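Just so it is clear, the structure is predicted and the values come from calculations on it, not from any experiment. Per chain, numbering begins at 1; letters A, B, ... match sequence-line order.
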Amino acid sequence: MNKSYDPKVIEPKWQKYWGKNKLFSAKDGGDKPKYYCLIEFPYPSAEGLHVGHPRSYTALDIVARKRRMEGYNVLFPIGWDAFGLPAENYAIKTGIHPRIKTEANIVNFRRQLKSLGFSFDWDREISTADPKYYKWTQWIFLQLFKHGLAYKAKMAINFCLDCKVGLANEEVVGGKCERCGGEVVKKTKSQWLLKITKYADKLEKDLDDLDYIDRIKVQQKNWIGRSEGATIQFKVVIASEAKQSHKTKNNILKSDEIASAPMASFNDIIVYTTRPDTLFGATYMVLAPEHELVQKLKDKITNFSEVSKYIDLAAKKSDLERTELQKEKTGVELKGVRAVNPVNSKEIAIWISDYVLASYGTGAIMAVPAHDDRDFEFAHKFGLEIIEVISGGDISKSAYTDIDNGKMVNSDFLNGLAPSEAISKMTSWLAEKGIGSKAINYKLRDWIFSRQRYWGEPIPLVHCKSCQKEILDTSTTLNCYDQETWNRLADGSKTVESRALNPEEPDRYFGNIKVGGTLKLANKVTGEEKYFEVKNVWSYKNSAQLFADKEVLKKIYAPKSIPESLKELESGYSYTPDYIERINKNGVIAWELQMITPGIVPWEKLPLELPEIKEFQTSEDGESPLSKLTDWVNVKCPKCGGPAKRETDTMPQWAGSSWYFLRYIDPANSKDLASPDKLKYWLPVDWYNGGMEHTTLHLLYSRFWHKFLYDIGVVPTPEPYQKRTAHGMILGEGGEKMSKSRGNVVNPDDVIGEHGADTLRLYEMFMGPFDQAIPWDTKGVIGVKRFLDRIWNIYNSDLVKPEAEADKDLDVLVNKTIQKVAEDIEAMRFNTAVSALMILSNQIIEKKSADKASLEKLLILLSPFAPHIAEELWENMGHKSSLVLEPWPQADKSKLKNETIELIVQINGKVRAKIKLPADVKEAEALKAAQADENVQKYLTGQTLKKTVFVPGKLISFVV
RNA sequence: GCCGAAGUGGCGGAAUUGGUAGACGCGCACGACUCAAAAUCGUGUAUCGCAAGAUGUGAGAGUUCGAUUCUCUCCUUCGGCACCA
């Protein structure tokens with residue numbers, strides 16, 4: 001009677017049954033506690049489902065099914081991340097519209113997912129390419145735009161010369177075009193960017209309270225790359241030819257010399273450093289080649305042609321070259337100008353080099369070759385001075401970068417301190433003197449958000465020349481004469497204060513500010529300009545008292561809202577004492593500004609649908625295919641009614657997936673992206689599982705969007721996902737990545753066809769630790785199928801006779817299994833959970849008998865993993881209602897221990913005997929029994945017993 | 001270079017308040033069934049040894065009655081970032 005069961009019959013039967021009876025529908029409310037399980041919705045590719053999908057989906061399907069049995073109202077939804085490049089590339093090749101192809105792929109994916117028996121709520125299915133859906137993607141973008149978090153800037157992007165198409169970073173593989181293998185060059189284009197950097201601190205800090213696996217937290221933290229340090233101001237002076245030629249090593253300037261130096265103060269160079277303690281060791285400074293001051297100092301630099309040549313060379317290097325050629329440092333000294341180290345008035349050289357990045361910090365560094373590896377290498381190559389300021393290393397061999405050891409030397413008032421102490425002492429010294437301040441920097445960059453592609457959400461904006469002209473003509477200009485002020489003001493979308501910035505020259509930063517007016521901010525150093533709408537203006541004196549007294553504040557600002565800066569103060573932020581003092585002395589003007597881009601007008605009639613086109617190829621000059629549709633592009637400006645043009649860029653694939661989990665909550669809502677009540681009920685997502693590859697992309701992006709939506713009051717929680725786990729990749733049979741070209745792709749359809757969905761599900765859970773990459777093993781699949789066949793035979797043959805009486809040992813094992821399976825599911829140790837089920841079934845087979853209750857419990861425990869066979873056998877046992885509705889079993893704590901145990905007897909740490917004893921045996925009895933053992937006696941006779949160790953229920957250890 | 005994870009049979013892997021190393025599965029060997037094969041079932045399966053026994057969790061040291069588990073040093077593999085000052 002050893003039959004194998006036929007999944008082809010029972011699996012479709014139960015899939016139909018579950019669907020018809022809506023057993024997996026989530027209710028928007030009710031008495032049950034809610035539980036939101038989420039998997040990353042798939043991109044419906046032409047290849048169909050990959051075996052990797054079921055790994056993640058089965059795992060959370062198990063959790064969802066367990067939660068339902070535990071009495072939760074579970075939301076476990078599914079949808080389609082339907083915009084994306086492959087469908088568009090296919091369209092370019094074949095002329096078939098991406099929508100047609102994508103819809104066909106979705107049909108295939110839906111069939112495949114249904115054939116796996118996942119307990120999705122299919123009534124909430126969504127697709128990001130559906131205009132009813134992307135209406136809200138566009139709406140969120142417009143909110144970002146209106147809050148100054150979306151802006152356009154000129155950027156160098158990747159561009160494939162063969163395909164004549166702009167590429168995303170993800171589409172560049174090894175410096176070549178992913179599609180055609182052609183050469184990729186940098187091309188400067190105007191791009192939309194989202195200001196994710198504004199959320200850098202929150203994205204980092206809030207990770208602490210989340211239940212994300214450590215790897216994810218660490219990776220996101222690294223990516224955000226927060227570092228604490230200080231900015232330090234260096235004055236720039238003109239160097240005499242004589243001083244230059246002597247390569248003066250100890251040229252200390254007198255204070256009047258600095259004051260009378262011919263350079264204006266706004267040509268200070270500000271550097272960012274994490275090691276202000278080493279300031280006495282700064283022997284030169286380095287600017288990024290792109291640093292604006294290089295151009296500004298053009299007339300003063302005596303070797304400008306050489307400098308200019310270097311800048312051109314650096315600009316031509318691709319990212320690849322710039323990192324590949326990092327072995328050898330290059331650079332050019334700016335002759336004719338020198339910087340002054342503010343701590344000791346020492347005159348030092350200024351260099352430019354491409355090892356300093358324009359995009360990080362201030363684009364300028366102080367070089368401390370004795371205590372920084374890169375500076376050390378650079379100083380050695382160009383023969384620059386190296387001064388040791390921390391003892392403990394050997395700076396003749398390498399830079400000493402240890403921050404935890406060593407003592408400050410050659411550093412005047414820092415001498416003798418530990419570096420960490422020196423950092424805080426130097427930082428406060430700099431602040432006191434007004435030549436530096438504490439600063440925080442992030443590696444995170446703004447998110448390049450536009451694609452010159454067709455198959456994505458159109459960006460709902462209009463470019464209007466007349467609106468632009470109006471703003472340019474009517475705006476008040478505010479000039480910034482130094483970079484620091486610019487940096488403080490030009491951030492946008494926050495409150496900025498005037499006067500207090502520079503109490504001595506208040507008018508210099510003051511403009512004619514009106515609510516609703518437009519403010520033009522002009523950087524007089526670089527020529528850069530930015531425009532702001534003035535949202536609010538306040539003026540007040542003696543504000544320090546106001547900060548402290550909330551009631552007074554309310555009176556004064558009753559009709560208006562409290563400015564953001566004051567709110568921050570209330571919630572624990574603080575200003576430095578000298579800053580408060582300056583406010584007291586001078587009073588303060590505060591403006592709430594919002595960055596705007598002149599001439600760009602939101603298109604509010606959403607959705608802005610993708611127009612139909614026939615040519616999907618990006619144009620010669622890298623413009624979106626949409627730009628060729630003149631009828632669509634030319635519109636009336638929604639603001640002034642004049643002639644205007646649409647934005648033709650589309651959003652990247654990451655847009656739709658940044659908020660999809662919100663739409664599942666209320667998928668048919670046409671008034672809101674989801675109703676506030678339902679959002680309040682379902683959020684946050686309780687458990688989200690996905691791939692590690694999305695840690696710094698989708699996961700970070702969607703946290704950013706969610707935090708923004710929280711700030712504007714759309715969603716009720718500051719974080720979208722409470723718990724995030726990640727699955728490992730499934731590799732091909734040889735341990736290599738599965739790919740079409742290697743021919744090692746396993747198609748889930750084939751596995752299901754041969755062995756059934758339950759086998760595929762169970763195998764993927766059993767194959768190894770869930771979070772690790774693991775190769776596919778066809779033989780392993782067979783092993784799991786054998787297990788299911790054995791299960792089938794337990795219930796369908798005379799192999800096992802159901803007994804009325806429960807066997808005591810079996811009862812203990814059943815209870816142990818209940819506990820083990822439950823714990824393992826929560827900890828995602830699915831492999832050992834399956835193993836526990838195998839042990840239980842093997843035991844039943846060995847005993848050739850089992851009671852009804854035990855047989856039922858085995859089916860319930862198996863059902864989240866292999867739901868079809870479990871339902872079928874459940875029905876065969878005579879049950880009328882679905883197994884899905886059964887409660888999850890609880891282990892009987894009194895039945896977790898066997899009555900007899902094998903006590904291990906060790907002598908000097910070596911196992912010498914195993915004796916059967918009652919589980920609750922006392923030490924004295926155990927000792928007697930152990931000493932009575934023949935083998936033990938052999939080792940004990942003639943020895944003196946030094947010590948015995950007794951571990952109840954486990955072992956007894958003799959030391960002789 | 002920095003950050004992170006991990007090294008256990010022929011293979012995937014079990015084993016956490018430190019207490020029988022190798023659960024479970026694959027593979028392999030032998031046996032049963034069969035004319036035969038497949039499937040299935042049974043037995044065995046870390047290494048050396050006939051055995052008693054000894055050795056054994058990347059390497060080396062340490063703590064301990066006892067270490068895959070804790071500490072230190074080193075090696076290797078994988079993943080992420082990569083001149084981030």
Next item on the list: Give the nucleotide from the list A23(B), G12(B), A21(B) with an atom nearest to the side chain of Phe766(A).
Entry: G12(B)

Item checked: Test applied, side chain to side chain contact (heavy atoms under 4.5 Å, CB included); reference residue, Lys438(A); option that passes from Leu430(A), Thr231(A), Thr427(A) -> Thr427(A)

Next item on the list: Could you work out which one of G13(B), G25(B), C81(B) sits closest to the side chain of Ile774(A)?
Entry: G13(B)

Margin query: With a 4.0 Å cutoff (strictly under), does any side-chain N or O of Lys947(A) reach OP1 or OP2 of C65(B)?
Written below: yes

Next item on the list: For the pair Thr283(A) (side chain) and Glu385(A) (backbone), establish whether a donor and an acceptor sit closer than 3.5 Å, ignoring hydrogens and angles.
Entry: yes

Notebook entry, point to check: In the structure shown, which nucleotide is the Watson-Crick or G-U wobble counterpart of U43(B), with both distances under 3.5 Å?
Noted result: A29(B)

Notebook entry, point to check: Within this structure, what is the CD-to-C1' distance between Gln772(A) and A6(B), rounded to whole angstrom?
Noted result: 7 Å

Checklist line | Any donor-acceptor pair under 3.5 Å from Asp354(A) side chain to Pro289(A) backbone | finding: no

Next item on the list: Tell which nucleotide pairs with U68(B), taking only Watson-Crick or G-U wobble pairs whose two distances are both under 3.5 angstrom.
Entry: none

Notebook entry, point to check: Is any side-chain N or O of Gln906(A) under 3.5 Å from a base N or O of G19(B), one able to act as donor and the other as acceptor?
Noted result: yes

Note to self: Looking at Lys329(A) and C83(B), is any side-chain donor or acceptor paired with a base atom of the opposite kind under 3.5 Å?
What the structure shows: yes

Note to self: C26(B), OP1 or OP2 - any side-chain N/O from Arg786(A) closer than 4.0 Å?
What the structure shows: yes

Check: Contact class for Asp771(A) vs. all strands (heavy atom < 4.0 Å): base, sugar-phosphate, or nothing?
Finding: nothing

Notebook entry, point to check: Which nucleotide, C24(B), A14(B), C26(B), lies nearest any side-chain atom of Asn831(A)?
Noted result: A14(B)

Next item on the list: Please give the nucleotide sitting opposite U20(B) as a Watson-Crick or G-U wobble pair, both distances under 3.5 Å, or none.
Entry: none

Note to self: Can you tell me which nucleotide in A54(B), A85(B), C65(B) comes closest to the side chain of Val959(A)?
What the structure shows: C65(B)

Margin query: Within the 4.0 Å heavy-atom criterion, would you say Arg445(A) contacts the bases, only the backbone, or no part of the nucleic acid?
Written below: base

Check: Whole-Å distance between C41(B) P and Ile794(A) CD1?
Finding: 11 Å

Item checked: Sugar-phosphate only, base, or nothing, as touched by Pro775(A) at under 4.0 Å among non-hydrogen atoms -> nothing

Check: Taking the C1' atom of each, how far is G66(B) from A59(B), in whole Å?
Finding: 22 Å

Next item on the list: Determine the Euclidean distance between corresponding P atoms of U57(B) and G10(B); express it in Å to zero decimal places.
Entry: 13 Å

Notebook entry, point to check: Counting side-chain heavy atoms from CB outward, which of C24(B), U40(B), U20(B) is closest to Ile904(A)?
Noted result: U20(B)

Check: For Lys914(A), which contact category applies under a 4.0 Å heavy-atom criterion: base, sugar-phosphate, or nothing?
Finding: base

Next item on the list: Name the closest nucleotide to the Asn222(A) side chain, picking from C3(B), G19(B), C24(B).
Entry: C3(B)

Notebook entry, point to check: Nearest of U20(B), G13(B), C83(B) to any side-chain atom of Glu902(A)?
Noted result: U20(B)

Next item on the list: Grab the CD-P distance between Glu733(A) and C26(B) for me, whole Å please.
Entry: 15 Å

Item checked: Pairwise P distance for A54(B) and C70(B), with rounding to whole Å -> 27 Å

Note to self: Under 4.0 Å, counting only non-hydrogen atoms across every strand here, what does Lys443(A) touch: a base, just sugar-phosphate, or nothing?
What the structure shows: base

Margin query: What is the separation between atom CG on Leu697(A) and atom P on C81(B), rounded to the nearest whole Å?
Written below: 9 Å

Note to self: Taking pairing as Watson-Crick or G-U wobble with both contacts under 3.5 Å, can you name the mate of A82(B), or confirm there isn't one?
What the structure shows: none

Note to self: Give me the distance, rounded to whole Å, that separates A61(B) from A15(B) when you measure between the C1' atoms they each carry.
What the structure shows: 25 Å

Note to self: Measure NZ/Lys816(A) against C1'/C24(B) and give the value in whole Å, please.
What the structure shows: 16 Å

Note to self: Between P on G19(B) and CZ on Arg912(A), what's the gap in Å once rounded to a whole number?
What the structure shows: 20 Å

Notebook entry, point to check: So, Lys381(A) and Glu328(A), do they make that salt bridge, N to O below 4.0 Å?
Noted result: yes

Check: Looking for any heavy atom pair under 4.0 Å, which part of the strands does Gly783(A) touch: base, sugar-phosphate only, or nothing?
Finding: sugar-phosphate

Notebook entry, point to check: Asp446(A) side chain to Ile196(A) main-chain N or O, any donor-acceptor pair under 3.5 Å?
Noted result: yes

Note to self: Please classify the nucleic acid contact of Lys946(A) as base, sugar-phosphate, or nothing, using heavy-atom distances under 4.0 Å.
What the structure shows: nothing

Next item on the list: Return the nucleotide paired to A37(B): Watson-Crick means purine N1 to pyrimidine N3 with N6-O4 or O6-N4, wobble means G-U with N1-O2 and O6-N3, both under 3.5 Å.
Entry: none

Note to self: For the backbone of Gly281(A) and the side chain of Thr278(A), can you confirm whether one donor and one acceptor N or O come within less than 3.5 Å of each other?
What the structure shows: no

Check: Counting side-chain heavy atoms from C-beta on, which of A85(B), G19(B), A23(B) comes nearest to Ile839(A)?
Finding: A23(B)

Item checked: Donor-acceptor contact present, side-chain Asp824(A) to main-chain Ala833(A), <3.5 Å -> yes

Next item on the list: Among G19(B), C26(B), G12(B), find the nucleotide with the atom closest to the side chain of Val949(A).
Entry: G19(B)

Checklist line | Distance, rounded to the nearest Å, where His694(A) contributes NE2 and G79(B) contributes P | finding: 18 Å

Checklist line | N or O in side chain of Tyr360(A) less than 4.0 angstrom from A82(B) OP1/OP2 | finding: no

Note to self: Tell me whether Asp375(A) is salt-bridged to Lys329(A), with the criterion being a basic N under 4.0 Å from an acidic carboxylate O.
What the structure shows: no

Next item on the list: Give Thr696(A) one of three labels, base, sugar-phosphate or nothing, depending on what nucleic acid heavy atoms sit under 4.0 Å from its own.
Entry: nothing

Next item on the list: Could you work out which one of C24(B), C3(B), A85(B) sits closest to the side chain of Met838(A)?
Entry: C24(B)

Note to self: Please classify the nucleic acid contact of Tyr939(A) as base, sugar-phosphate, or nothing, using heavy-atom distances under 4.0 Å.
What the structure shows: sugar-phosphate

Checklist line | A59(B) pairs with, by Watson-Crick or G-U criteria that keep both distances under 3.5 Å | finding: U73(B)

Check: Under 3.5 Å, is there a donor-acceptor pair between the Thr197(A) and Tyr442(A) side chains?
Finding: no

Check: With a 4.0 Å cut-off on heavy atoms, is Ser957(A) in touch with a base, just the backbone sugar-phosphate, or nothing at all?
Finding: base

Next item on the list: Please check the phosphate of G25(B) (OP1 and OP2 only) for any side-chain N or O of Arg790(A) closer than 4.0 Å.
Entry: yes

Notebook entry, point to check: Rounded to the Å, how far apart are Ile232(A) CD1 and A85(B) P?
Noted result: 14 Å

